[in-house]
Amino acid sequence: MSRQRRNIVCQLRAKERENKWNIRRNLNIVKTIVCQEHSSFKKVWEKVSRSPIAYEGNRIYFDNYRSVYIGHGRQGQPELLYRLPQCPSKHKIEDALVCQFPLDHLPMKHKGFKGHLLALTRDNWLVRYDLNTGAVLQELFLSQRYKFRHLGWQGEGGTIVIRSIHAKLSAMARMAGIIQPLLMVLAVFSVLPLQLVAVMEVQKEIFGKDICDSGISQGALIIMHQGGTVRLYSFDRIVKENTIVHAKLGDMCSVVNGIVGSHPSGIPCTVKLKETPPVLFEVRCHEHNLQMGGFPWHYIFTPHRNNGVFHVHKVENKKQAHNGVIDMDLLSLEPDKAVFHADESGRILHISGNNIRILKLHSGDNATSELKECFTITPASPDGENTASLLARGEDTGWALSSSGRIIKKRIFDSSILPTIECIKDVDYENEMDLLVVTSVTDTRDDATHVASIGLHDNTTGKLIKQIPLEEEWDETMEHTICFDLDTFAHIYKSGTSKFHCVLYRLDRTINDEPTRVTRHQRRHEKPVSQGRRTSRRLLQDAEDDR
């Protein structure tokens with residue numbers, strides 16, 4: 001029997017026989033339970049807050065990460081895990097990241113590897129909080145000169161990037177014609193444990209007066225220019241060749257005249273560029289929209305002043321792939337997206353307003369590549385219907401189906417008929433269960449309400465496995481976020497009253513069978529099967545004694 005067709009009992013028995021820990025097998029068991037036909041998701045908890053809400057790693061963060069709830073508390077309900085003490089507004093948390101190290105890779109000397117919340121405060125402190133207790137594990141002061149506000153991952157390998165705000169001159173200095181040479185500052189740290197990697201200033205005299213933004217991702221320094229030009233540089237090479245100070249947290253440093261990371265010394269600028277480093281890659285695109293990925297490396301971009309089309313090119317020679325032009329559906333209210341799949345398969349997701357196309361790159365001869373469509377996902381309303389199926393049956397919905405399969409609006413139609421239109425709002429990849437999570441909203445015909453549902457699709461074939469309707473109404477004018485985590489998902493949204501809501505749904509496998517009512521007279525005269533068996537065994541024992 002193949003592993004895909006095994007039921008839960010067979011998977012559990014196989015797990016016991018192997019005598020080894022296999023997290024992938026455990027996740028397959030959870031996936032089997034979630035995808036069963038009689039399994040459903042039930043709304044179990046809701047909480048309202050005046051500040052933004054975040055959900056990650058079975059924890060819900062309220063009040064700018066100061067109140068933390070654990071997802072599975074008593075009786076399956078979330079409960080307060082800890083609450084940080086009150087602090088002045090200058091110590092408010094601006095941004096935060098959850099840092100956890102896999103248990104199967106935890107080293108023997110695990111000091112500094114404890115799971116923690118890494119928070120960036122308004123007064124430039126970087127603080128590590130224990131994930132379970134909220135205790136302060138480490139505090140690091142960054143700078144009195146720069147204002148750091150953004151915290152993000154640099155890529156795989158446990159490296160973070162802290163970005164400052166853009167440097168601006170005063171109004172009097174601008175009137176005097178003074179030009180600000182500094183754009184921003186980038187600080188790179190390695191976590192688990194926390195160590196300083198590099199701090200560098202992005203200067204206009206080095207990268208050009210027209211630079212407007214910068215960042216670091218996957219080991220590349222990204223410089224964005226006015227007009228849509230994007231240039232990539234090797235950040236590792238920049239650090240290796242232009243480091244002027246080797247600073248370590250907790251050590252004395254003459255540059256800051258104090259201990260690195262302490263107040264008021266902060267951290268020094270360790271990298272100083274004297275000339276422009278070699279450019280690894282350069283492209284001009286619309287609104288700096290650039291994606292990289294695939295096997296071999298390809299990039300997706302929208303040509304400058306050509307909004308509405310995505311192009312797929314090879315990084316090695318910048319040649320366009322065969323069938324490498326992805327058209328956008330301009331009839332959709334929201335712009336289309338073209339991104340590389342998060343499962344690292346090299347596939348491309350083209351997300352439009354009413355369908356999702358999954359494309360795959362195939363390498364050919366003469367260093368060429370070809371883009372082919374694998375399958376298409378079309379969301380369905382909670383009743384199982386979608387606009388494409390209604391049009392295929394010839395029903396009048398106010399929309400028409402073109403020869404290429406697009407759904408277009410008629411110029412004249414009966415205004416008394418309200419069409420049922422499914423619009424895709426979000427697409428996420430659940431890597432632990434290998435599922436595509438598609439959130440879609442349906443405009444019902446009966447009234448002008450918006451009904452949202454979540455579709456779980458097979459990542460290999462795109463087949464719809466389960467449709468989960470949301471109980472709360474979906475307001476399209478507000479922000480919504482769906483966070484799927486195995487047997488739980490959270491719907492975080494902002495209401496019209498400027499309040500943030502967190503609605504928690506959890507897997508429910510209750511079978512709604514009506515219990516058979518047994519009267520007191522029936523229970524009194526009912527004879528248990530086990531008792532009858534014991535009586536029969538006693539009679540056989542008496543017969544053997546008589547012998």
Identify, with sequence neighbours excluded, every residue that meets side-chain contact (heavy atoms from CB on, under 4.5 Å) alongside [X].
| X | answer |
| --- | --- |
| Leu232 | Ala220, Ile222, Val230, Phe281, Leu290, Met292 |
| Val256 | Cys253, Ser265, Pro268 |
| His304 | Arg284 |

For [X], give me all partners under salt bridge (charged side-chain N to carboxylate O under 4.0 Å, His left out), at least two apart in sequence or on another chain.
| X | value |
| --- | --- |
| Glu205 | none |
| Glu430 | none |
| Asp485 | none |
| Lys425 | Glu334, Glu476 |

Rounded to the nearest 0.5 Å, what's the gap from CD1 on Ile160 to CZ on Phe189? Could you check? 6.5 Å
Gly462 and Ile377: which non-hydrogen atoms are nearest, and at how many Å? O-CG1, 3.8 Å
Indicate the atoms forming the closest heavy-atom contact of Leu182 with Val202, along with that distance.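 Closest heavy-atom pair between Leu182 and Val202: CD1-O, 3.6 Å.
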With sequence neighbours left out, the residues meeting ring pair (Phe, Tyr, Trp, His ring centres under 6.0 Å) with Tyr61 are Tyr65
Set of residues satisfying ring pair (Phe, Tyr, Trp, His ring centres under 6.0 Å) with respect to His341, sequence neighbours excluded: Tyr429
Per-pair distances, 0.1 Å, donor-acceptor, side chain in residues 144-153, under 3.5 Å, sequence neighbours excluded:
{"from": "Tyr146", "atom 1": "OH", "to": "Glu201", "atom 2": "OE2", "distance (Å)": "2.3"}
{"from": "Arg149", "atom 1": "NH1", "to": "Arg122", "atom 2": "O", "distance (Å)": "3.1"}
{"from": "Arg149", "atom 1": "NH2", "to": "Arg122", "atom 2": "O", "distance (Å)": "3.4"}

Kindly indicate, with the supporting measurements, whether the criterion side chain to side chain contact (heavy atoms under 4.5 Å, CB included) is fulfilled by Phe301 and His313. CA-CA 8 Å; Phe301 73 103; His313 289 230; 3.5 Å; yes
Not counting sequence neighbours, list each pair that qualifies as a salt bridge (charged side-chain N to carboxylate O under 4.0 Å, His left out) and has a residue in residues 352-362. Arg357-Glu373
Check the angle between the aromatic planes of His480 and Tyr493 and answer parallel, tilted or perpendicular using the 30° and 60° thresholds.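 Parallel.
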Report the relative orientation of the aromatic rings in His350 and Phe310; use parallel for angles under 30°, tilted for 30 to 60°, perpendicular for over 60°. perpendicular
Ser234 and Asp236 side chains, donor-acceptor separation under 3.5 Å: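 Note: Asp236 and Ser234 side chains miss the donor-acceptor criterion.
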For Ile206, does its backbone N or O pair with a side-chain atom of Thr276 as donor and acceptor, under 3.5 Å?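 Indeed, once roles are kept as given, a pair shorter than 3.5 Å links the two residues.
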Do side-chain atoms of Thr229 reach the backbone of His225 as a donor and acceptor pair under 3.5 angstrom? no
Give the table of side-chain donor-acceptor pairs shorter than 3.5 Å for residues 318-326, with sequence neighbours excluded, one pair per line with atom names and distance.
{"from": "Lys318", "atom 1": "NZ", "to": "Glu282", "atom 2": "O", "distance (Å)": "2.7"}

